[in-house]
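What follows is a short report on a single structure.
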Amino acid sequence: MSSAPIVTRFAPSPTGYLHIGGARTALFNWLFARGRGGKFLLRIEDTDRERSTPEATAAILQGLTWLGLDWDGEAVSQFDRRDRHAEVAHEMLARGTAYKCFSSAEEIAAFRAAREAEGASYAVFQSPWRDADPATYPDAPYAIRMKAPRSGETVIRDSVQGNVTVRNDQLDDMIVLRSDHTPTYMLAVVVDDHDMGVTHVIRGDDHLNNAARQQMVYDAMGWDVPVWAHIPLIHGPDGKKLSKRHGATAVGDYQAQGYPAAGMRNYLTRLGWAKGDAELFDTDEALAMFGLDGIGRSPARLDFKKLESTCGWHIARSEDAALLHEINAYLAAAQRPALTPGQKDLLHKALYCVKDRAKTFPELLEKAHFALTSRPIVPEPAAAAALDTVSRGILKELTLRLQNANWTKAELESILNEVATAHGIGFGKLASPLRAALAGRSATPSVYDMMLVIGQDETIARLQDAAA
RNA sequence: GGCCCGUUCGUCUAUCGGUUAGGACACCAGGUUUUCAACCUGGGAAGAGGGGUUCGACUCCCCUACGGGCUGCCA
């Protein structure tokens, strides 16, 4: 086995919230590294000073944290490393793999226009300074361009896309250091990935073409090229590029909508990746199974139904304490009122009968409404309809019977059945008003479970309220 | 325009030349049931189109169509 530990990284631009697609990229990097005892690093690509904001950085860190994607060490600021980037650009200059280019934006535009006028189908800019004698250099601002090969081809050995060949004459001599001495993204990523010891670059396939130029920088510096893995982007349900009109695109939205983090991880892992028929799994299983070879090559669409189904599975198998903790966090994220100590206690007691019926936290809370609400209970219209005069009379009698009952499921069952039989009605006819009285809803957990959770005194009080 | 990538049920996908093309979500039907769920059983549902290669193609090659990406002194 190789002794070289795996190092991956997630490198978002802090220009907005953490996108669901970015979150999945981070997840893949995290799974790959963590599943193999490697490191997962975080780098904030904040070199675009106009668009980068500290708020966006905070939102990204928060989103990753919510998803449980922990990174090693401190997040690296790309902007802070600008001197190092410039240093490498000058080293390339010294090595003769880069040169000073004095061409102005106007000259470049003119070059392209001229080529197109000649009927060229494309116009890769060719700087006149590429092989110029330094003695002829003017005293003017210059950019540093990489001296890229003009013939031959560059092959990207990609773990997802296979070998991708790009003709070198399709690529221009990209600028590595701007005339204001700031590094370009193309240079910065390569230098940072190299310095951070990144062994596997797993990122969106919108960077696939860039990889060829970046590989040239590695070559120019004599550095080892990392393993590339360009993963397809996520699309909206309609197959179009994900955008705001698709609804939730920020991971924060999903948290605020009450999706459990474990369900999100499971769903996102399966979006564009598969291992046989594995569908539902916890994080440890995902860590053990995940590999680059299971990543698909075509963009996947978001399917909220499947997300919900996956989340339901995770909620049902969550441990109560952890679930409660996550529900409290959800309430805060959704800016809903926090639970009182009494509500927390009752919700905890009610979890066993609600957690396997909910796909999201708001749904779970709705199912647990009977435990969280307090008297007097105002029934919803559908529930109120069940509390007619006859039903109230029966409830009154039931109340009497319950006052001396042992509060066990077995005894409650026999009492309810006796009352129903005595009135010549089916159990459903009795359960319906009882449900309305206890919860004020027409869709609830079993009436027995509700009575057991809220207890004898509260049950009787609610029945008396309803019968009055 | 040029270059690069992609295309299996509605959706996520399995298949790595030979399968009645499998699973999951969703959907439909039935069952269970005190409601809503959950759960159980069954069902419909796919290889973009056209050429090759091969004894044999979803799998390999080419073309077309469609989708996406790149083509910046943005990242």
Side-chain angles (χ1 to χ4, degrees), chain A residues 11-15 45-48 50-52 78 101 103-105 108 116 119-125 141-145 156 158 160-162 164-167 169-172 174-186 188-189 204-213 230 232-233 235 237 239-241 267 270-280 293-294 296-310 312 316 354 356-359 363 366-367 382-383 386 416 420 426-432 434-436 439 441-448:
Chain A
S13 299
T15 55
E45 307 214 319
D46 51 359
T47 54
D48 185 333
E50 303 283 292
R51 298 193 298 153
S52 299
Q78 189 162 61
C101 173
S103 296
S104 65
I108 294 170
E116 276 164 33
S121 52
Y122 58 93
V124 172
F125 177 63
Y142 59 86
I144 297 181
R145 300 189 101 107
I156 305 300
D158 193 285
V160 173
Q161 308 288 340
V164 178
T165 304
V166 180
R167 272 167 46 203
D169 63 7
Q170 295 290 326
L171 274 19
D172 60 4
M174 67 171 180
I175 290 177
V176 290
L177 203 70
R178 300 186 187 100
S179 49
D180 65 359
H181 304 113
T182 61
T184 59
Y185 160 77
M186 290 288 186
V189 223
D205 67 5
D206 48 335
H207 290 285
L208 182 56
N209 285 289
N210 292 337
R213 327 169 92 105
H230 288 93
L233 270 13
H235 285 181
K240 298 290 183 192
K241 226 179 114 178
Y267 175 71
R270 270 293 281 105
L271 197 57
W273 172 87
K275 172 97 173 181
D277 289 336
E279 295 283 352
L280 298 168
D293 55 341
R297 290 144 299 272
S298 53
R301 303 182 190 200
L302 238 27
D303 180 349
F304 294 103
K305 290 287 192 184
K306 188 151 186 173
L307 201 216
E308 286 178 5
S309 171
T310 303
V354 296
D356 60 354
R357 338 161 67 97
K359 296 179 164 72
E363 206 179 309
E366 171 55 29
K367 300 282 188 195
L416 292 204
F427 186 72
K429 285 283 183 199
L430 176 58
S432 185
L434 180 53
R435 174 173 295 109
R441 301 284 148 103
S442 53
T444 72
S446 133
V447 291
Y448 299 118

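This is a predicted model, so every value here is computed, not measured. Per chain, numbering begins at 1; letters A, B, ... match sequence-line order.
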| said: Taking any heavy-atom pair under 4.0 Å as a contact, classify A:His207: base, sugar-phosphate, or nothing. | reply: base
| message | Need one value for A:Thr47: base, sugar-phosphate or nothing, where a base atom within 4.0 Å counts as base even if backbone is also close, heavy atoms only. | response | sugar-phosphate
If only atom types and distance count, is the side chain of [X] paired as donor or acceptor with the main-chain N or O of [Y] below 3.5 Å?
X: A:Ser52; Y: A:Asp48; result: yes
X: A:Ser103; Y: A:Ile108; result: no
X: A:Arg270; Y: A:Ala278; result: yes

Rounding to the closest angstrom, what is the interatomic distance between [N] and [M] at atom [atom1]?
N: B:rC5; M: B:rG43; atom1: P; value: 42 Å
N: B:rG1; M: B:rC61; atom1: C1'; value: 27 Å
N: B:rC27; M: B:rU11; atom1: P; value: 15 Å

| query | With a 4.5 Å heavy-atom cut-off, do A:Asp205 and A:Asp158 have their side chains touching? | reply | no
| request: With the side chain counted from C-beta on, respond yes when A:Ser13 and A:Tyr185 share a heavy-atom pair under 4.5 Å apart, and no when they do not. | output: no
In the strands shown, is [N] matched to any nucleotide by a Watson-Crick or G-U wobble pair with both distances under 3.5 Å, and which?
N: B:rC58; value: none
N: B:rU19; value: none
N: B:rG47; value: none

| query | What does nucleotides 22-45 of chain B look like as a protein-contact string, B for base, S for sugar-phosphate only, - for none, at under 4.0 angstrom between heavy atoms? | reply | BBBBS-------BBBBS-------
| Phosphate contact (B:rA75 OP1 or OP2) by A:Arg178 side-chain N/O below 4.0 Å | yes
| Rounding to a whole Å, what distance do you find between A:Arg167:CZ and B:rC5:P? | 13 Å
| task | Classify the side chain of A:Ser179 and the base of B:rC73 as holding, or not holding, a donor-acceptor pair under 3.5 Å. | result | yes
| message | Salt bridge check, A:Asp180 against A:Arg178: does any charged N sit closer than 4.0 Å to a carboxylate O? | response | no
